[in-house]
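Right, one structure below, let's go through it.
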Amino acid sequence: MKGILQHPSGLVKEVKAGFSWTTFFFGFFPAFFRGDFKWGLIQLVLGFIAAFATAGILSIVINIAFAFLYNKLYINDLIEKGYRPIDQSFQQSLCQRGIHAKLLSETERTEAVF
């Protein structure tokens, strides 16, 4: 499912929740193209170590595992940076997938109280 996350500064990012086909086929490259250097570097290093230690077999397993996890990790990092889903349906979808996010209006109300 695709959705939109918005930062209080006005920046908007369209993200996909669920399995990452781009990570499945291209490994760490999608993370670097998204500007997510932390997870891209983690994938690269883990894949390189696993490939070196097991003649490439474990590297494939790590790549498949990251295909299942990467979009969730990316969205969680964006939420930590202040991005919020802009609609209720995408927020519910994120909560069903184990990503607990607040809507922009909820964030603004909480900040106004303090």
Side-chain angles (χ1 to χ4, degrees):
M1 170 181 218
K2 287 186 179 180
I4 297 174
L5 297 177
Q6 184 175 15
H7 193 268
S9 67
L11 292 173
V12 175
K13 291 200 180 217
E14 184 177 351
V15 295
K16 183 181 173 204
F19 188 81
S20 175
W21 285 102
T22 54
T23 301
F24 179 74
F25 287 114
F26 302 111
F28 59 89
F29 287 112
F32 286 130
F33 290 139
R34 291 179 182 178
D36 188 8
F37 297 109
K38 176 179 88 173
W39 286 109
L41 191 60
I42 289 171
Q43 286 176 331
L44 176 66
V45 170
L46 283 177
F48 182 73
I49 291 170
F52 183 73
T54 63
I57 296 170
L58 190 57
S59 177
I60 295 168
V61 173
I62 288 174
N63 194 34
I64 292 170
F66 266 106
F68 281 99
L69 297 173
Y70 178 67
N71 283 337
K72 183 177 181 177
L73 297 169
Y74 179 63
I75 292 171
N76 276 329
D77 281 353
L78 289 177
I79 289 172
E80 287 177 15
K81 292 177 183 176
Y83 285 83
R84 300 288 179 249
I86 62 170
D87 64 352
Q88 185 72 27
S89 63
F90 188 57
Q91 179 186 10
Q92 290 174 351
S93 175
L94 292 178
C95 288
Q96 289 173 352
R97 296 175 191 275
I99 302 169
H100 302 288
K102 296 179 186 176
L103 290 172
L104 273 174
S105 59
E106 292 174 355
T107 305
E108 291 168 358
R109 266 188 263 130
T110 305
E111 290 173 356
V113 172
F114 295 109

### Query
Looking only at atom types and distance, does a side-chain atom of H7 sit under 3.5 Å from a main-chain N or O of I79, one as donor and one as acceptor?
no
### Query
In terms of ring plane angle, is the pair Y74 and Y70 parallel, tilted or perpendicular, where the classes change at 30° and 60°?
parallel
### Query
Between Q43 and T23, what is the shortest heavy-atom contact and its length?
NE2-CG2, 3.5 Å
## Note on the structure
Closest heavy-atom pair, G82 versus P8, reported as atoms and distance to 0.1 Å, is O-CD, 3.2 Å
### Query
Do the side chain of T54 and the main chain of A50 share a donor and acceptor less than 3.5 angstrom apart?
yes
### Task
Give the cluster check for L94 versus M1: same hydrophobic cluster or not, with ILVMFWY residues linked at side-chain heavy-atom distances below 4.5 Å.
yes
#### Entry: Inter-residue atom distance T22.OG1 - N71.CG, 0.5 Å rounding
6.5 Å
### Query
Taking the inter-plane angle between the rings of F24 and W21 on a 0 to 90° scale, is it parallel (under 30°), tilted (30 to 60°) or perpendicular (over 60°)?
perpendicular
### Summary
Here the gap from Q6 atom CD to E14 atom CD, rounded to the nearest 0.5 Å, amounts to 13.5 Å
### Task
Give the intermediate values and the outcome of side chain to side chain contact (heavy atoms under 4.5 Å, CB included) for residues K13 and L78.
CA-CA 9 Å; K13 291 200 180 217; L78 289 177; 4.0 Å; yes
### Task
Kindly compute the distance separating CG (L5) from CG (D87), expressed to the nearest 0.5 Å.
9.5 Å
### Query
If you round to the nearest 0.5 Å, how far is NZ of K72 from OG of S20?
14.5 Å
## Note on the structure
Note: A17 and F90 closest approach over all heavy atoms is CB-CE1, 4.5 Å
### Task
Treating Ile, Leu, Val, Met, Phe, Trp and Tyr as nodes and any side-chain heavy-atom pair under 4.5 angstrom as an edge, say whether V61 and L73 lie in one connected cluster.
yes
### Query
Atom CG in L44, atom CZ in F29: separation rounded to 0.5 Å?
8.0 Å
### Query
Between V15 and Y83, is a side chain to side chain contact (heavy atoms under 4.5 Å, CB included) present by the stated rule, with each step listed?
CA-CA 11 Å; V15 295; Y83 285 83; over 6 Å; no
### Message
With a 6.0 Å cut-off (strictly less than), is the heavy-atom count around CZ of F26, excluding the residue itself, greater than 12?
### Response
no
### Flag if over 12 foreign heavy atoms under 6.0 Å of CZ, F19
yes
### Task
Could you check if a side-chain atom of F48 sits within less than 4.5 angstrom of a side-chain atom of V45, using non-hydrogen atoms only?
no
### Query
Taking all atoms of both residues into account, what is the closest heavy-atom pair of G47 and S59, and its distance?
O-OG, 3.5 Å
### Task
Determine which pairs satisfy salt bridge (charged side-chain N to carboxylate O under 4.0 Å, His left out) with at least one residue from residues 35-57, sequence neighbours left out, and list them in order.
K38-D77
### Summary
One should read off an interatomic distance between F28 CZ and N63 CG, to the nearest 0.5 angstrom, of 9.5 Å
### Query
Linking I/L/V/M/F/W/Y whenever their side-chain heavy atoms sit closer than 4.5 Å, directly or via other members, would L58 and L69 fall into one cluster?
yes
### Task
Would you list the pairs meeting salt bridge (charged side-chain N to carboxylate O under 4.0 Å, His left out) in which at least one residue belongs to residues 88-97, sequence neighbours left out?
none
#### Entry: Cluster check I60, I57: I/L/V/M/F/W/Y, side chain < 4.5 angstrom
no
